[in-house]
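Everything on this sheet refers to the single structure shown next.
Read the numbers this way: they start at 1 and go in the same order the structure lists the ligands and their atoms. Everything numeric in this text was worked out from a predicted model, so none of it was measured. Along the sequence shown, residues are numbered consecutively beginning with 1.
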Amino acid sequence: MAGIPNLVPSTHETILDSQSTACCIVGAGPCGAMLALLLARRGISVTLLEMHKDFDREFRGDTIHPAILEVLDQIGLAASLHEIPHSKASGPTLQFADGAFQPFDLGRLKTRFPYILMVPQSRFLEFITKEAEKYPSFRLVMRANVKKLVEEDEVVRGVHYLGPDGWHELRATLTVGADGRFSQLRQLAGIEPIKTAPPMDVLWFRLPRLPNDMEVPGGVLGGIGRGRMLIVLDRADYWQTGLVFPKGQYQHLRAQGIEALRRTISEIEPRLAKHTESLTDWQQLSLLSVEASRCPRWHKPGLLLIGDAAHVMSPVGGVGINYAIQDAVVATNILASPLKAGVVAESDLAEVQRKREWPTRVVQALQSFLQKNLIQRVLTSQKPVRVPWQLRALVHIPVVRDLPGRLIAFGPLRVHLLET
Ligand SMILES: Cc1cc2nc3c(=O)[nH]c(=O)nc-3n(C[C@H](O)[C@H](O)[C@H](O)COP(=O)(O)OP(=O)(O)OC[C@H]3O[C@@H](n4cnc5c(N)ncnc54)[C@H](O)[C@@H]3O)c2cc1C
């Protein structure tokens, strides 16, 4: 009921305690963890709630793009991030029927970091939250499963979360939903994303490195077979491999069995034939059901959605983490002063959406173009596919050849952290 704080999440449960903070961030993924660090650095009281007990979960992507490396450099953390065991990728080499094709090369970009740094996401999140812990205004609560918004007079005033010992209340000037593609906060706020279904799904798995293994210039290899694509990322001590196949065919693939899967991989990339012997069980593979979406509205009074909670990116270009963290940087630039002042107007939240929505839409449109004109062709053809001549021509024109790389590395607008 408006005006009366609801302290009872269900008829049976009672609240064990109630705490308050300036900014309550739900979800310690790349977006939430980074926002928490950036706000804590500014002396803003911030509490980060994460439902898992640690950061060690299933594979979610390990890519840190140049835009994020530049921001980490701005706050003096790029060098120490590079101390974590990592590999680097500057651009894929795709093997088509008419030869190799390199759609972009980050190595040509003007930046201190002309590559994607690949660090296990768990190590990255530990690194960011450890840095945040150096600031007294930061608090991290693990095993905090947020299930309810506290609303008064139609303004979100915080959340109720379930910990191992029971229910807790966290009241906040601003609540941020950085809780990923299945966002509970988005659902609780009644915000419906507009979804599109890209034409593919991806199975991710590891293949071992073997003595005298192949070399992969640029760190990424792409192979094309009958109705399938194979992506191979050089992860120094293993090959991170993705098999891209038409949407909805997962059950069909499973029914054909793991032996057939091994054969498909070896047909596309014969140099991996021996490696595929390590695949013996479907438990070794994780399915990424590809979707893309964006929320028409990222906010309501007292609540902001960012990262995957506001927009799920297609995996083309691997930009999900990049765009999620850029949201956190822009949110810090716009909201740090209002949070310090203790009043965040809805127009401040709308400004975050205004600044971040259009770059997201530009890149989603480009991803959709590539899906329709290249990936769909590959996935529906039973014959070897050649690179469209227009694409081959474009990469020879100096002015346009670096555009795709720049979009993947930075997005349409380079984001910087404003220090005030
Ligand atoms: C299999 C797979 C592979 C991917 N590969 C790549 C890749 O190579 N490169 C890339 O850029 N992107 C990749 N992505 C996408 C990428 O993971 C996301 O774009 C990115 O993680 C978004 O960051 P986020 O912080 O917004 O959300 P998330 O990383 O999803 O983080 C959300 C966090 O919120 C927590 N949470 C959820 N609900 C609650 C709740 N109720 N209470 C408390 N906490 C909650 C979750 O546990 C999680 O820690 C991949 C995704 C998948 C699924």
Side-chain angles (χ1 to χ4, degrees), residues 24-36 47-65 67-68 89 92 116-122 124-126 128-129 140-149 159-163 168 170 175-189 201-205 219-220 231 233 235 240-244 285-293 295 298 304-328 331 356 360 363-364 367 408-409 411:
C24 156
I25 302 170
V26 180
C31 181
M34 193 71 176
L35 178 65
T47 300
L48 180 58
L49 303 175
E50 168 56 49
M51 70 181 192
H52 285 93
K53 68 176 185 347
D54 55 34
F55 297 120
D56 216 3
R57 35 207 137 91
E58 80 276 24
F59 170 71
R60 299 304 304 268
D62 300 334
T63 49
I64 316 291
H65 282 56
I68 307 311
I116 294 169
L117 190 81
M118 285 189 282
V119 175
Q121 195 182 110
S122 54
F124 176 69
L125 294 175
E126 276 160 19
I128 295 294
T129 50
L140 171 63
V141 188
M142 301 299 283
R143 299 169 82 188
N145 191 349
V146 174
K147 288 179 175 271
K148 195 170 186 293
L149 292 174
V159 298
H160 287 159
Y161 65 89
L162 188 59
H168 301 261
L170 180 63
T175 300
V176 177
D179 51 343
R181 53 162 55 193
F182 304 111
S183 174
Q184 174 83 5
L185 264 66
R186 184 179 66 209
Q187 220 173 315
L188 291 169
D201 287 329
V202 187
L203 266 180
W204 283 110
F205 48 94
V220 190
I231 310 291
L233 303 169
R235 298 302 304 269
Q240 181 186 326
T241 316
L243 184 71
V244 185
L285 304 122
S286 46
L287 173 69
L288 169 60
S289 173
V290 174
E291 67 167 71
S293 70
C295 288
W298 296 18
L304 175 68
L305 302 176
I306 51 174
D308 270 21
H311 50 73
V312 176
M313 311 301 281
S314 146
V316 176
V319 292
I321 295 169
N322 190 9
Y323 277 67
I325 296 183
Q326 289 190 40
D327 287 356
R356 289 302 300 154
T360 306
V363 169
Q364 285 184 333
Q367 289 176 321
I408 285 167

Hey, is [X] one of the residues with a heavy atom under 4.0 angstrom from ligand 1?
X: His52; answer: yes
X: Ser286; answer: no
X: Pro315; answer: no

> Heavy-atom distance to atom 23 (O) of ligand 1: which of Ser183, Pro30, Ala309, Gly307 wins?
Replying inline: Pro30
>> Considering Gly320, Gly180, Ser289 one by one, which has a heavy atom nearer to atom 28 (P) of ligand 1 than any of the others?
In response: Gly180
> From Ile325 CD1 over to Ile128 CD1, what is the distance, rounded to the nearest 0.5 angstrom?
Replying inline: 7.0 Å
> Which distance, rounded to the nearest 0.5 Å, do you find between the SG of Cys31 and the CG of Asp308?
Replying inline: 8.5 Å
> In terms of the angle between their ring planes, are His168 and Tyr161 parallel, tilted or perpendicular, with boundaries placed at 30° and 60°?
Replying inline: parallel
Just heavy atoms, cut-off under 4.0 Å: does [X] contact ligand 1 by side chain, backbone, both, or neither?
X: Ala144; result: backbone
X: Cys31; result: both
X: Thr63; result: side chain

> What atoms of ligand 1 come within less than 4.0 Å of a heavy atom belonging to Gly29?
Replying inline: 25 (O), 29 (O), 31 (O), 33 (C), 49 (O)
> Do Leu125 and Glu50 pass the side chain to side chain contact (heavy atoms under 4.5 Å, CB included) test, and can you show the C-alpha distance, the side-chain angles, and the key distance before you say yes or no?
Replying inline: CA-CA 12 Å; Leu125 294 175; Glu50 168 56 49; over 6 Å; no
